[in-house]
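Working notes, structure below.
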Amino acid sequence: MQACYRSVVLLLWSALVPAISLPLTIPRRPPQPQPLPIRFKFAPDTTAIMGPRYPNGYPNYLAALNLRAQMGVTHRNNAARAIFLTIDPNQREWRIFRKEEVEFGISWFERRHIFENREPVKGSSLDAAAHRPWKANEFQALKLWLAVNEDALRAVHRASRLTGWYDPKISDKRPYLMNSKLMIATQMRSIGEALQVRVLLHLGEGRVEQAWEDVLALHRLAALQARDFTLVAHAIAHDMESGAFICEQALFQHPQLTPELMVRIRREVAALPTIPDFIPALNYGERYNLLDTMMFCAHINTYTGRLNPTSPLEQFRNSFTARSLDFWYMQFVNWNTVLRTTNKWFDRAIADVQIKSDYQRAWALDDFARDIRKTRDKSFESEYWLIRNTNMIVNLPLLRQKATQWTADQLVTLFFPLLTEVSSTRSRCLMERDMINLGWALAAYKLEHKTYPANLEMLCPQFLPRIPIDRMNDKELKYDSDGKSFVLSSSGMNQLNEQARLKVDGSSGDDIVLRSHPVAPAE
């Protein structure tokens, strides 16, 4: 009987032990991450967009900006695509746009591009060759650099004739707009330099028509680049347009300029596209970028990785952690208030840059920059209060108010410093284009009357429909002529006429100057 009882017990035990140990041996399914709590409300005055959204519920500003930027652009008319395939011939992973895809363009990889290989030509040789006509025997390394990029520049010429521009914002690590890379904008500066120095090489060696072809490409590329939705891209476009003004002024003064070419230049200059305004870049690109940064901060407590060290958010994190405040206070921030404050700053900036008069806009943006500096000083006071009251939990309303105020002020002051500079350089570029157009009209007048006019009003209406004003001070341009030559000048951003400095140090200060003849060595 006992033997039968033992066998039954052993049988039951042999059946129960595997059943008990089975859950311990089967690998458990890892816990699924829970959706992050939304710490703000979706509304035009907070998030600015209502969709698309990430799976966790946060706005997808990267997709929203790409969808807006690709409107009217296809893979056939996209100049940015053509330039990218030129400067990086080994990277040809442009995907055909499909409705279900958010990205329209390429997968990004870090590479060295053709025009980045500027080591042999950096320094004084590049600076000198970018401001005056030169010959190949003066700068041999620069001539070699241009020869290496001959095929690429030919392809850039073809791309400049396209009508669309879409440089997709793609993040290869995290789907945040603040982590996206500028794929084409960082290369356009080198492309502009290459075209500029080649124009002056053509002029130095007497190839006037080839020089004008490069000037045309430079103008067109600047107008295309300015269609991007970032202020950085607009700043680069303005630099390219200023380079085109230097080249066109040298072409205007060239002794081998024929009347037939001048007539052609005037016709093609009138057909050039204008540089687009940067209001869309401010209203969408920069606004979305800052709001996206705040979306990230809204759930920063759950974040364990690290951002791009050059991003504004990383600067924000470093400035805060350096004072041992960490991010415990984030739970007290009222993000709706932060978002509303940010959007109000953007609304004010957009209202200022929409002022038609460049002179009045400059004054409005000066006031804007002064208020930004006051906000920065105020953020220091809030930060000092948070440092002294790190452990103060008893007065939660005051703690929330200070944390919210500091977060909004600190993030806003990190994003707006480039605005005034971009606006001033755009005004200068438009003034330079007005002056060079006026210069070609003066040359046409002399071609017909054998002398320059005594005043600018004599050009209307045969050669110009109207005389442009000085954008820098809303006054008339300075024009001096003795019939054989002329000097046309604008006051520049400092709104002072500094032509008297020419007799002292040979410079024109901040003035924008166009001459019918080069400055003589005696001056």
Return the CG to OG distance between Leu488 and Ser481, rounded to the nearest 0.5 Å. 10.5 Å
Between Arg426 and Pro276, is there a donor-acceptor pair closer than 3.5 Å when you use the side chain of the first and the backbone of the second? yes
Over 60° means perpendicular and under 30° means parallel, so tell me whether Phe486 and Tyr479 are parallel, tilted or perpendicular. tilted
Salt bridge (charged side-chain N to carboxylate O under 4.0 Å, His left out) partners of Asp366, counting only residues at least two apart: none
Counting N and O atoms only, with roles assigned by atom type, does the side chain of Glu205 sit under 3.5 Å from a partner on the main chain of Ala136, one being a donor and the other an acceptor? yes
Any side-chain to backbone donor/acceptor pair from Arg428 onto Ser242? Under 3.5 Å, distance only. no
Closest non-hydrogen atom pair, Ala226 against Ile275: CB-CG2, 3.7 Å
Going by the angle between their ring planes, with limits at 30° and 60°, are Phe229 and Tyr284 parallel, tilted or perpendicular? tilted
If I compare all heavy atoms of Ala79 with all of Trp165, which pair ends up nearest, and what's the gap? CB-CE3, 3.8 Å
Under a 3.5 Å distance rule, please check whether Lys450 uses its side chain to pair with a backbone N or O of Glu448 as donor and acceptor. no
Taking Asp409 first and then Lys374, would you say they form a salt bridge - that is, a charged N and a carboxylate O separated by under 4.0 Å? no
Nearest 0.5 angstrom please: Asp228 CG to Ile236 CD1, how far? 9.0 Å
Is the Tyr445 ring parallel, tilted or perpendicular to the His449 ring (thresholds 30°, 60°)? parallel
Do His234 and Asp277 get their side chains close enough for a donor-acceptor pair, meaning under 3.5 Å? no
Short N-O contact, Glu213 and Arg264, less than 4.0 angstrom: yes
Note, Ser516 side chain near Lys446 side chain (heavy atom, < 4.5 Å): no
Using the side chain to side chain contact (heavy atoms under 4.5 Å, CB included) rule, take Phe139 and Leu201 through it: C-alpha gap first, then chi angles, then the decisive distance, then the call. CA-CA 10 Å; Phe139 308 112; Leu201 173 62; over 6 Å; no
Look up atom CD in Gln210 and atom NE2 in His202, then write down how far apart they are to the nearest 0.5 Å. 6.0 Å
If you take all heavy atoms of Val513 and Phe245, which pair is closest and at what distance? O-CZ, 4.0 Å
Does the pair Tyr359 and Lys475 meet the rule for a side chain to side chain contact (heavy atoms under 4.5 Å, CB included), with working shown? CA-CA 10 Å; Tyr359 174 66; Lys475 297 180 181 179; over 6 Å; no
For Val197, is there any backbone N or O sitting under 3.5 Å from a side-chain donor or acceptor partner on Trp134? yes
Minimum heavy-atom distance Leu218-Gly243, with the two atoms named: CD2-C, 4.0 Å
Main-chain N/O of Arg189 paired to Asp239 side chain as donor or acceptor, under 3.5 Å: no
Looking at Glu457, I want to see if its CD is surrounded by more than 12 non-hydrogen atoms of other residues, nucleotides or ligands under 6.0 Å. yes
Would you compute the distance between atom OG of Ser489 and atom CG of Asp470 and round it to the nearest 0.5 angstrom? 8.0 Å
Please walk me through it: do Asp347 and Lys344 pass salt bridge (charged side-chain N to carboxylate O under 4.0 Å, His left out)? CA-CA 5 Å; Asp347 293 341; Lys344 287 180 181 178; over 6 Å; no
Can you find a pair of side-chain heavy atoms, one from Glu476 and one from Ile467, that are under 4.5 Å apart? no
Are the ring centres of Phe463 and Trp440 closer than 6.0 Å? no
Roughly how far, to the nearest 0.5 Å, is CD of Glu241 from CD1 of Ile246? 11.0 Å
Taking atom CZ of Arg466 and atom CG of Leu456, what is their separation to the nearest 0.5 Å? 13.0 Å
Can a donor-acceptor pair be found, under 3.5 Å and without considering hydrogens, that links the side chain of Arg68 to the backbone of Ala64? no
With the side chain counted from C-beta on, respond yes when Thr342 and Val412 share a heavy-atom pair under 4.5 Å apart, and no when they do not. yes
Closest approach of Met435 to Ile512 (non-hydrogen atoms, all atoms of both residues): CE-O, 3.2 Å
Distance-only, no hydrogens or angles: does the Arg161 side chain make a donor-acceptor pair with backbone N or O of His157 under 3.5 Å? yes
Heavy-atom side-chain proximity of Asp434 to Ile469 below 4.5 angstrom: no
For Ile265 and Val215, run side chain to side chain contact (heavy atoms under 4.5 Å, CB included): C-alpha distance rounded to whole Å, both residues' side-chain angles, the deciding distance at 0.1 Å, then the answer. CA-CA 10 Å; Ile265 290 175; Val215 173; over 6 Å; no
Test side chain to side chain donor-acceptor pair (under 3.5 Å), reference Glu248, set His219, Gln253, Arg433, output is His219
Any side-chain heavy atom of Cys247 sitting closer than 4.5 Å to one from Asp214? no
Any donor-acceptor pair under 3.5 Å linking the side chain of Asp482 with the backbone of Ser485? yes
Test item: Trp345 and Leu290 side chains (from C-beta on) under 4.5 Å apart, heavy atoms: no
Evaluate side chain to side chain contact (heavy atoms under 4.5 Å, CB included) for Asp358 paired with Met472, printing each intermediate quantity in order. CA-CA 6 Å; Asp358 294 76; Met472 308 306 173; 5.7 Å; no
With side chains defined as the heavy atoms from C-beta onward, is the minimum distance between Asn66 and Leu62 less than 4.5 Å? yes
Contact between Thr230 and Asp167 at the side-chain level, heavy atoms closer than 4.5 Å - yes or no? no
How close do Leu459 and Ala441 get, heavy atom to heavy atom, and via which atoms? CD2-O, 3.9 Å
Ignoring hydrogens and angles, tell me if any N or O in the side chain of Ser423 forms a donor-acceptor pair with the backbone of Leu419 under 3.5 Å. no
